[in-house]
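As structure tokens, the structure follows; a few thoughts come after it.
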Amino acid sequence: MKREIASMLCTCLVVGLCGCGAEKEQSAAASTAGEISATEESGTVQEDELYLLSGETERGFYHMGEYQGNPRICFMDYESCEDIVLCSKPGCAHDTESCMASPGEGKNIYFVYALRDGTLVYMESNEQVGVEGDQICLADADGSNHRVLATMQEQQGYPNLLCADRENLYLMQTDYENQQSQLIRVSLGDGTIEALWTMSNPDPQLLGTDGRNLIWESFSNNQEEIPPLTLTDDMTEEEVQQEEERYKAAMDAMVTEHRVYLLSVDTGKEQDLLTWSSLYGSQGKTVLWGPSRLYWVDCDEPGNLHWVSQDGGSGESAIDWPEEILTPQYTDDRIIYLEQMLGEKILLTVYGPWGKDLIKRYALAPDRGALQEIPLQYISNASERPVHILGKTENALLVVFEEQPHTVEYIDPDGLPAQTLTFTYREGLISKDDFLAGIPNYQEIRLLES
């Protein structure tokens with residue numbers, strides 16, 4: 001169970017980011033998005049350095065949202081504190097597929113990211129018969145000049161955009177049927193597609209980049225060799241119990257092998273950083289890639305923070321765990337999770353049983369082991385959750401700071417009344433200083449009418 005929870009914690013929270021405004025406000029914000037310069041976004045990146053792709057920029061956050069029930073490419077503008085439909089078409093009401101932010105008929109858009117020169121990149125799938133495969137598309141920062149860069153060969157599973165350098169995109173194409181993934185390079189100049197290296201694990205997790213290397217975490221176990229739990233109506237109570245005990249014993253004995261390694265995109269050379277084994281129900285370790293270091297701690301028991309670097313350096317720091325984390329009431333089903341880097345500190349979160357309730361969140365100074373509590377949280381579906389970070393700028397964070405569930409009634413395909421649970425969110429900017437100090441000083445973003 002802890003492995004499942006840890007996997008969920010590592011998965012980005014999918015949040016419906018949406019907002020509306022007058023037409024001239026939309027145009028002004030779209031203009032702001034278009035003003036992002038290569039100099040501003042590139043910083044000190046070297047020409048051959050890889051960087052992870054995201055929707056984050058200093059001026060706003062690109063994402064797929066909804067406007068009046070229709071999917072649209074959107075831009076959360078930090079200057080005006082509103083979410084806008086990213087369309088530069090004069091007079092567009094954004095309510096038809098002719099809107100420049102619309103995927104178009106029979107199409108879906110996913111992975112909307114900003115390159116460091118301000119160009120947008122996104123994946124577009126096409127449901128029309130005869131279309132070869134998903135397309136990699138580009139657009140200008142203001143949502144204009146959409147064009148197809150390359151068309152992928154049709155293959156089981158979605159291609160996943162990973163990172164870029166100044167001349168190329170890098171993505172992973174997964175073939176679940178053959179249980180392997182392939183690293184692919186696509187030229188930003190002419191769209192040339194080049195297959196690079198094949199990875200035997202179909203679902204490696206990308207932890208970060210380091211120069212020309214990708215840092216991966218892979219998993220492997222023998223779960224497919226374990227006969228599934230089989231319960232039939234004609235089984236006696238004793239037979240059901242025996243089958244459940246058989247299955248539980250087999251799962252408890254299952255060992256998962258973990259491996260964190262560097263992969264050069266240029267040579268395919270791999271370098272192990274960390275390997276370990278874990279039993280079913282636990283991830284064993286929680287890992288995080290920081291600047292030039294891999295950090296890890298035990299995810300079940302409060303212990304030291306360890307690190308290792310590519311050049312063979314290593315070390316550890318004793319974490320000054322507070323008594324409330326060491327108390328016996330938190331020893332069962334407690335999960336320690338290294339969340340992300342925040343400047344020179346590590347966000348470390350401790351969850352309670354089932355990964356449901358937040359116990360505490362801290363900023364960890366990696367070299368000293370000192371913990372600073374961050375009390376910002378909200379209640380979601382009767383559970384305490386840490387304020388969720390969507391994006392970062394140099395001095396501020398874009399966060400979800402409130403979530404409200406709503407029951408919506410509708411008519412199902414059989415014509416019968418039904419209900420579903422939906423959520424609305426409040427999102428805003430908060431300075432890093434206020435976040436670390438636990439001061440809920442949010443500058444709320446006005447969201448689209450979905």
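The closest side-chain heavy-atom distance from Leu207 to Leu294 is below 4.5 Å. Here the side chains of Cys87 and Arg72 are not in contact, with every heavy-atom distance at 4.5 Å or above. Inter-residue side-chain proximity for Leu279 and Val255 is flagged as met; some heavy-atom pair is nearer than 4.5 Å. Put simply, the side chain of His258 reaches to within 4.5 Å of the side chain of Gln283, judged on heavy atoms. Contact of the Glu167 side chain with the Leu188 side chain is not registered, since no non-hydrogen atoms from C-beta on lie closer than 4.5 Å. Gln205 is listed as a side-chain neighbour of Phe219, based on a closest heavy-atom distance under 4.5 Å. Side-chain atoms of Arg361 and Leu348, non-hydrogen and from C-beta on, never get closer than 4.5 Å to each other. Asp165 is not listed as a side-chain neighbour of Asp48, based on a closest heavy-atom distance of 4.5 Å or more.
Distance alone, capped at 3.5 Å, is enough to place a donor-acceptor pair between the Tyr51 side chain and the Arg116 backbone. No donor-acceptor distance shorter than 3.5 angstrom exists from the side chain of Asp140 to the backbone of Asp142, with no hydrogens or angles considered. A donor-acceptor pair under 3.5 Å is absent between the side-chain atoms of Ser317 and the main chain of Leu305, judged by distance alone. Counting only distance, with no hydrogens or angles, the side chain of Arg147 and the backbone of Asn145 share a donor-acceptor pair below 3.5 Å. In this structure a side-chain-to-backbone donor-acceptor pair under 3.5 Å is present from His146 to Met100. Judged by distance alone, the side chain of Lys432 and the main-chain N or O of Thr393 form a donor-acceptor pair under 3.5 Å. Side chain of Lys392 to main chain of Gly343: no donor-acceptor pair is present (N/O by atom type, distance under 3.5 Å, no hydrogens or angles).
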Can you check side chain to side chain contact (heavy atoms under 4.5 Å, CB included) on Cys74 and Tyr67, steps first, answer last?
CA-CA 9 Å; Cys74 298; Tyr67 179 62; 5.8 Å; no
Kindly indicate, with the supporting measurements, whether the criterion salt bridge (charged side-chain N to carboxylate O under 4.0 Å, His left out) is fulfilled by Glu217 and Lys285.
CA-CA 12 Å; Glu217 181 181 4; Lys285 303 182 191 305; over 6 Å; no
Start with the C-alpha gap between Asn160 and Leu206, add the side-chain angles, then the distance that decides, and say whether side chain to side chain contact (heavy atoms under 4.5 Å, CB included) holds.
CA-CA 11 Å; Asn160 184 6; Leu206 182 62; over 6 Å; no
Residues Glu257, Thr275; criterion side chain to side chain contact (heavy atoms under 4.5 Å, CB included); working and verdict
CA-CA 7 Å; Glu257 301 295 337; Thr275 60; over 6 Å; no
Decide yes or no on side chain to side chain contact (heavy atoms under 4.5 Å, CB included) for Val260 and Trp276, but give the supporting numbers first.
CA-CA 9 Å; Val260 179; Trp276 74 96; 3.9 Å; yes
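Side-chain contact, Lys107 with Gln135: no donor N or O sits under 3.5 Å from an acceptor N or O. Side chains of Ser431 and Asp433: no donor on one and acceptor on the other come within 3.5 Å. For the residue pair Asp300 / Ser282, a side-chain donor-acceptor distance below 3.5 Å is found, with atom types taken as modelled. Ser264 and Asp266 share no donor-acceptor pair across their side chains, judged by distance under 3.5 Å alone.
Atom OH of residue Tyr170 and atom CG of residue Leu50 lie 5.5 Å apart, to the nearest 0.5 angstrom. Distance CD1/Ile325 to CG/Asp320: 12.0 Å, rounded to 0.5 Å. In this structure, the separation between CG on Asp134 and CZ on Phe111 is 9.5 Å, given to the nearest 0.5 Å. Distance check, rounded to the nearest 0.5 Å: CH2 of Trp289 to CH2 of Trp296 gives 11.5 Å. To the nearest 0.5 Å, atoms CD (Glu427) and CG (Asp83) are separated by 7.5 Å. Separating the CG atom in Leu397 from the CZ atom in Phe435 is a distance of 6.0 Å, to the nearest 0.5 Å.
Checking Leu214, Leu169, Asn168, Leu171 one by one against Cys163, the side chain to side chain contact (heavy atoms under 4.5 Å, CB included) holds for a single residue, Leu214.
Under the 6.0 Å cut-off for aromatic ring centres, Tyr62 and Phe75 qualify, their centroids lying closer than that.
Residues meeting the side chain to side chain contact (heavy atoms under 4.5 Å, CB included) test with Asn441, sequence neighbours left out: Asp434, Ile439. The ring-ring contact (aromatic ring centres under 6.0 Å, His included) search around Tyr442 returns Phe401, not counting sequence neighbours.
Closest heavy-atom contact between Leu149 and Ser187: CD1-O, 3.5 Å. In plain terms, the two heavy atoms of Met341 and Gly290 that are nearest each other are CG-CA, 3.8 Å. Residues Leu53 and Ala164 share a closest heavy-atom pair of CD2-CB, 3.9 Å. Residues Val265 and Trp197 approach most closely at O-NE1, 3.2 Å, considering heavy atoms. The two residues Tyr362 and Glu373 come nearest to each other via the heavy atoms CD2-CA, 3.6 Å. Residues Gly303 and Ile319 come closest through the heavy atom pair O-CD1, 3.5 Å.
Environment of CD in Glu344: sparse, with no more than 12 heavy atoms of neighbouring residues, nucleotides or ligands closer than 6.0 Å.
Using a 4.0 Å cut-off between charged side-chain N and carboxylate O, Glu403 and Arg385 make no salt bridge. Salt-bridge check for Glu301 with Arg334: passed, with a basic side-chain N closer than 4.0 Å to an acidic carboxylate O.
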